[in-house]
**Student:** 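Below are the structure tokens for one structure; questions will follow.
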2 protein chains.
Amino acid sequence: MAFVSQNNMKTKDSSRIRPGEAVELAEGERPTLKTIAFMAGLGVTTVSRALKDAPEIGQATKSRVQLIARQIGYRPNRAGVRLRTGKTNVISLVLNAQSEIMGLTSNMVYGISEVLSETPYHLTVTPYSVENDPMQPIRYIVETGSADGIIMSRTEPDDARVRYLAEHGIPFATHGRTEMGIEHPFHDFDNEAFAYKSAKSLLLKGRRKIAMMAGPTSAVTYHRHLERGFSRAIEEGDARAILVPDIDVDTSLGRIRDRTEEIMSGPNRPDGIVCCSGSAAIALVAGIEAAGLKIGKDVDLVSKQSTDVLKWFRPEIIVFNEDVRHAGRELARAVLRRIEGVDARELQSLSYPDE
Amino acid sequence: MAFVSQNNMKTKDSSRIRPGEAVELAEGERPTLKTIAFMAGLGVTTVSRALKDAPEIGQATKSRVQLIARQIGYRPNRAGVRLRTGKTNVISLVLNAQSEIMGLTSNMVYGISEVLSETPYHLTVTPYSVENDPMQPIRYIVETGSADGIIMSRTEPDDARVRYLAEHGIPFATHGRTEMGIEHPFHDFDNEAFAYKSAKSLLLKGRRKIAMMAGPTSAVTYHRHLERGFSRAIEEGDARAILVPDIDVDTSLGRIRDRTEEIMSGPNRPDGIVCCSGSAAIALVAGIEAAGLKIGKDVDLVSKQSTDVLKWFRPEIIVFNEDVRHAGRELARAVLRRIEGVDARELQSLSYPDE
DNA sequence: TCCCAAATCTGAAACGTTACAGGTAAGCTA
DNA sequence: TAGCTTACCTGTAACGTTTCAGATTTGGGA
């Protein structure tokens, strides 16, 4: 057996060495399939197949090739693969640069990376500013074919990006749901449950005039979920919803603070507030205290947070955690499986507020 | 002139149409150099050169080719370029996933993206966990040639990554300085100035027993800068430095809070604290208040922050801003220019604490 | 013994780009 | 007119991979 294999190599080797063929690796050069092919006395085709465990290659050959590959530290050249197959091995995260809700971006990135690090995929990040067309980065990716899959956030009920990607058959997953009858992978935090639980906890403290600082007004889907959960609790609790029309999570913290002071100094001030962003909560507290009121006495505050910073914040406010890192992991897994052809309906998940 | 050019096209066109050559663009196919070459009646070489404004191509041809390219929305295929030239057009951001200091990652990403968006470069992000070898992602990038340049943070005085990259001649820029005699591009916040100014401002309030919550103890370069600035102010102010050995910025917020409470309840408690992280500051405040002390009365706090959240934090603490987004922009510009061959010494910059 | 199928392996072509080593025509000089 | 230079353009090869369409060997059945 050993003899045959050696003999095999001998003949192959001599027949393969052609004058002018450089097969020795120069300093700093990376090994390619050709390198392995030469070392194993095989054709590059065989090596290529052996490395991906193709059925038409003998077991002995496979093992030998894989061993050599491991020994010389072979890694497939991404450009070669990409050029030949069209597969980029890239997942693109498309983000809004403005709507950074305290650690959202980083946790999302880390969650996604955790999953991708066990795969050949790389993560590219493409932020866009809120003034720009959100479609622009999406179109760019599709037109230039620069990713195999896309993850995006700030999903809207009727989302042009979702429609576009679905039409073009590009795998993607959204952080947040749509309401447009297109089935697609998503992961979402159950904001309805959060708003409901939050308002409930305020009711439990005897609060009856409750306001909510929700997501970007009506544009983004989760705004609707928040409203739904909030209204349900308000109705059940026979309380009153105080509407604060002109601020939302996208508003600058300074303006949130000022507007809060104004409202809390007015005649119709709430005695409980539900807030869906950690940083906004800090600005709310500043506004409340500027109005001369005391948290826990005059008004109670419940907030969602995606880092644990608010946990240490004084005065104490009730917090529900949204695990964005987990969302990142879920979204990454979803796009990957979508790329593999798994049905979109199997790639939809929700996570629940966690006190 | 027009006639000549038309004639030119005619002959070229007919000589170029070979049976079996598919030149029409199928549905959803992207145009390539070949597409343009066919449309313009030129060779692909000429088109390639015309698009990059090479001197050996006639002005009329250049304009014509560029017009066609624009009209049909031609974008060079990255895999083709990468395979042929070895240039990836990728900048890789290598980050520590744990040391997220409130918005650091996202601002860094956005700053870098702002600069890259005007170039053909894409940004990939590679986080690594603190338990893992920080060299691992760096080695991976170098071995697989997956980026033209690297940006990394958490720079150490004697940084193995810097040595490795310098040896391999890979362009990179660091957020933070080294002390190893290797000239390389960096951008750094002047932490010495920050610590000095911070301690000074506490001295100005009459504080004389001052503690500092610095960066990861001694590992990271900026720790030294903080200590230097801090000590200088302490000496000048004839004050006393209170050492708190077992906590730093990497410590969990819960532990920071607990340890702070302990220290502030002890006999040798500081009356002023300099803190170099926004989120740590919030935990510090929690600890201080847990010890029954009042900020502004029993103790004053100065902190660095990289978002504007602390600005709205109550009780009021003195804040200096580190503009991480600006750092991202600077770092991106630095790597790009380094890739172009600019001398490293011209790509080193510092930014100053901004009240 | 011969033939056929199965099991392995093979080279050539192609993906889109750029570098190399020319080629051709026009215009100028002598 | 011949010869040279300049301006402009050309095809071919190569980067590393996978796919296609065979080629070779082996073993078994007739």
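What you are looking at is a predicted structure, and each value in this text was computed from that prediction instead of being measured. All chains are named by letter (A, B, ...) in the order of the sequence lines, taking the proteins before the strands, and each is independently numbered beginning at 1.
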**Student:** Using only heavy-atom distances, determine whether the side chains of T155(A) and T178(A) contain a donor-acceptor pair under 3.5 Å.
**Tutor:** no

**Student:** Taking K87(B)'s backbone N and O only, do any of them form a donor-acceptor pair with D148(B)'s side chain (distance below 3.5 Å, no angle check)?
**Tutor:** no

**Student:** Main chain of V81(B), side chain of T85(B): is a donor-acceptor contact present, judged purely on distance under 3.5 Å?
**Tutor:** yes

**Student:** Let me see the working for R75(B) and E143(A) under salt bridge (charged side-chain N to carboxylate O under 4.0 Å, His left out), right down to the final yes or no.
**Tutor:** CA-CA 9 Å; R75(B) 320 258 202 147; E143(A) 281 168 13; 3.0 Å; yes

**Student:** Encode nucleotides 15-25 of chain C as B, S and - characters from 5' to 3', where the letter depends on protein heavy atoms closer than 4.0 Å: B to the base, S only to sugar-phosphate, - to neither.
**Tutor:** BBBBBBB----

**Student:** One pair to check against ring pair (Phe, Tyr, Trp, His ring centres under 6.0 Å): H184(B) and F172(B). What are the steps and the verdict?
**Tutor:** CA-CA 8 Å; H184(B) 60 87; F172(B) 67 97; 5.4 Å; yes

**Student:** I need the single residue from E330(A), E183(A), H187(A) that forms a side-chain hydrogen bond (donor to acceptor under 3.5 Å, both in side chains) with Q348(A). Which is it?
**Tutor:** E183(A)

**Student:** Salt bridge between R154(A) and D159(A), side-chain N to carboxylate O under 4.0 Å?
**Tutor:** no

**Student:** Could you walk me through whether R139(A) and D133(A) pass the salt bridge (charged side-chain N to carboxylate O under 4.0 Å, His left out) check?
**Tutor:** CA-CA 10 Å; R139(A) 255 196 297 261; D133(A) 182 10; 3.0 Å; yes

**Student:** In whole angstrom, give the distance that lies between atom CD1 of I57(A) and atom C1' of dA7(C).
**Tutor:** 10 Å

**Student:** Over its full length, what angle do the end axes of the helix from dT1(C)-dA30(D) to dA30(C)-dT1(D) make, each axis taken from five pairs and the result rounded to 10 degrees?
**Tutor:** 70°

**Student:** Can you tell me how far C1' of dA14(D) sits from CZ of R82(B), to the nearest Å?
**Tutor:** 18 Å

**Student:** Would you tell me whether S106(B) and S106(A) have side-chain atoms, one donor and one acceptor, within less than 3.5 Å of each other?
**Tutor:** no

**Student:** Is there a residue in residues 139-149 of chain A whose heavy atoms reach under 4.0 Å of DNA chain C, and which residues are they?
**Tutor:** none

**Student:** Will you find, in the side chains of Y110(A) and S129(B), an N or O donor that is under 3.5 Å from an N or O acceptor?
**Tutor:** no

**Student:** Rounded to whole Å, how long is the line connecting atom CD of E56(A) with atom P of dT18(D)?
**Tutor:** 13 Å

